[in-house]
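To start, the structure itself, in structure tokens.
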Amino acid sequence: QVQLVESGGGLVQAGGSLRLSCAASGRGNSNYAVAWFRQAPGKERVFVAYIDWSDGRIFYADSVKGRFTISRDNAKNTVYLQMNTLKPEDTAVYYCAGRSKNGAVWVARFYDYWGQGTQVTVSS
């Protein structure tokens with residue numbers, strides 16, 4: 001059983017930065033991928049960024065390209081989301097998700113495991 005724990009959310013002014021962390025346990029040596037999704041109040045959960053744990057392939061949503069960077073630390077079993085030049089529309093609960101199966105990386109139903117979420121609030 002994989003467990004994912006997010007941290008690093010908070011309140012920041014527009015133009016500021018935050019770094020989210022997703023610590024994974026129970027992954028073992030299985031092929032795995034991790035993504036970040038976010039959900040704003042009253043809206044659907046949407047894809048933000050993806051990284052494949054084994055080969056390092058990375059994908060981003062168009063809305064965050066050039067501002068967000070996803071990375072991994074294999075030794076710490078942790079995935080990071082560095083968020084720069086934050087905008088009020090980035091305000092949401094950010095979720096870390098993990099999967100070992102195939103399917104479109106931006107579709108939430110293809111992910112097996114989810115963290116509890118961390119709130120990010122960007123003030124204007």
Side-chain angles (χ1 to χ4, degrees):
Q1 181 76 12
V2 175
Q3 291 186 326
L4 303 173
V5 179
E6 304 100 333
S7 61
L11 173 64
V12 64
Q13 288 188 333
S17 298
L18 282 174
R19 188 178 80 158
L20 306 183
S21 300
C22 172
S25 61
R27 184 176 68 89
N29 293 319
S30 60
N31 291 330
Y32 212 70
V34 174
W36 287 95
F37 286 76
R38 66 187 182 187
Q39 187 167 19
K43 296 189 177 180
E44 293 184 349
R45 191 171 298 190
V46 297
F47 170 76
V48 175
Y50 167 100
I51 187 166
D52 188 290
W53 208 286
S54 57
D55 63 18
R57 287 179 301 147
I58 288 175
F59 300 98
Y60 295 102
D62 288 343
S63 59
V64 306
K65 280 181 183 176
R67 300 188 299 122
F68 290 12
T69 302
I70 191 170
S71 62
R72 74 193 194 280
D73 184 328
N74 289 349
K76 295 183 177 179
N77 267 350
T78 298
V79 171
Y80 303 99
L81 185 69
Q82 177 67 42
M83 306 185 295
N84 298 329
T85 319
L86 283 161
K87 305 175 181 179
E89 51 263 44
D90 294 318
T91 295
V93 177
Y94 282 71
Y95 295 92
C96 173
R99 72 178 199 178
S100 57
K101 57 182 142 185
N102 295 323
V105 302
W106 58 88
V107 178
R109 72 174 184 269
F110 292 129
Y111 290 82
D112 307 298
Y113 307 103
W114 292 83
Q116 80 287 354
T118 186
Q119 176 70 47
V120 171
T121 303
V122 184
S123 63
S124 57

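All values derive from a computational prediction rather than experimental measurement. Count residues from 1 along the sequence.
Here Val5 sits alone; no ILVMFWY side chain lies under 4.5 Å from its own, so it joins no hydrophobic cluster. Clustering of Ile, Leu, Val, Met, Phe, Trp and Tyr by side-chain heavy atoms under 4.5 Å joins Leu11 with none of the others.
Proximity of a side-chain donor or acceptor of Thr78 to a complementary backbone N or O of Ala23 within less than 3.5 Å is not detected. A donor-acceptor contact shorter than 3.5 Å links the side chain of Glu6 to the backbone of Gly117. In terms of modelled atom types and a separation under 3.5 Å, the side chain of Tyr113 and the main chain of Cys96 share no donor-acceptor contact.
Counting heavy atoms of neighbouring residues, nucleotides and ligands inside a 6.0 Å radius, atom CH2 of Trp106 does not exceed 12 of them. Heavy-atom contacts from other residues, nucleotides or ligands closer than 6.0 Å to CD of Glu89 number more than 12.
Taken together through direct or relayed side-chain contacts under 4.5 Å among Ile, Leu, Val, Met, Phe, Trp and Tyr, Met83 and Ile51 form part of one hydrophobic cluster. Follow the hydrophobic side-chain contacts under 4.5 Å out from Ile58 and you reach Val34 in the same cluster. At a threshold of 4.5 Å between side-chain heavy atoms, the hydrophobic network of Ile, Leu, Val, Met, Phe, Trp and Tyr places Leu18 and Val79 in one connected group.
Separating the CG atom in Leu4 from the CD atom in Gln116 is a distance of 9.0 Å, to the nearest 0.5 Å. Expressed to the nearest 0.5 Å, how far CH2 of Trp53 lies from CG of Asn77 amounts to 5.0 Å. To the nearest 0.5 Å, atom OG1 of residue Thr118 and atom CG of residue Leu81 are 11.0 Å apart. In this structure, OG in Ser124 is found 9.5 Å from CD in Gln13, a value given to the nearest 0.5 Å. The SG atom of Cys22 sits 13.5 Å away from atom CZ of Arg72, with the distance rounded to the nearest 0.5 Å. Remark: Phe59 CZ to Asp52 CG distance equals 8.5 Å, nearest 0.5 Å.
The closest side-chain heavy-atom distance from Val120 to Leu20 is below 4.5 Å.
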### Task
Dump the intermediate steps for side chain to side chain contact (heavy atoms under 4.5 Å, CB included) on Phe68 and Leu86, then the final yes or no.
CA-CA 9 Å; Phe68 290 12; Leu86 283 161; 3.8 Å; yes
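Here the closest non-hydrogen pair linking Arg67 and Thr85 is NH1-O, 3.0 Å. A pairwise comparison of heavy atoms in Asn102 and Phe110 identifies O-CD2, 3.9 Å as the closest pair.
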Which pairs would a plain distance check flag for residues 36-50, meaning a side-chain donor or acceptor within less than 3.5 Å of a matching protein atom at least two apart in sequence or in another chain?
residue, atom, partner, partner atom, Å
Arg38, NH1, Asp90, OD1, 2.9
Arg38, NH1, Tyr94, OH, 2.9
Gln39, OE1, Arg45, NE, 3.3
Gln39, OE1, Arg45, NH2, 3.4
Gln39, NE2, Lys43, O, 3.1

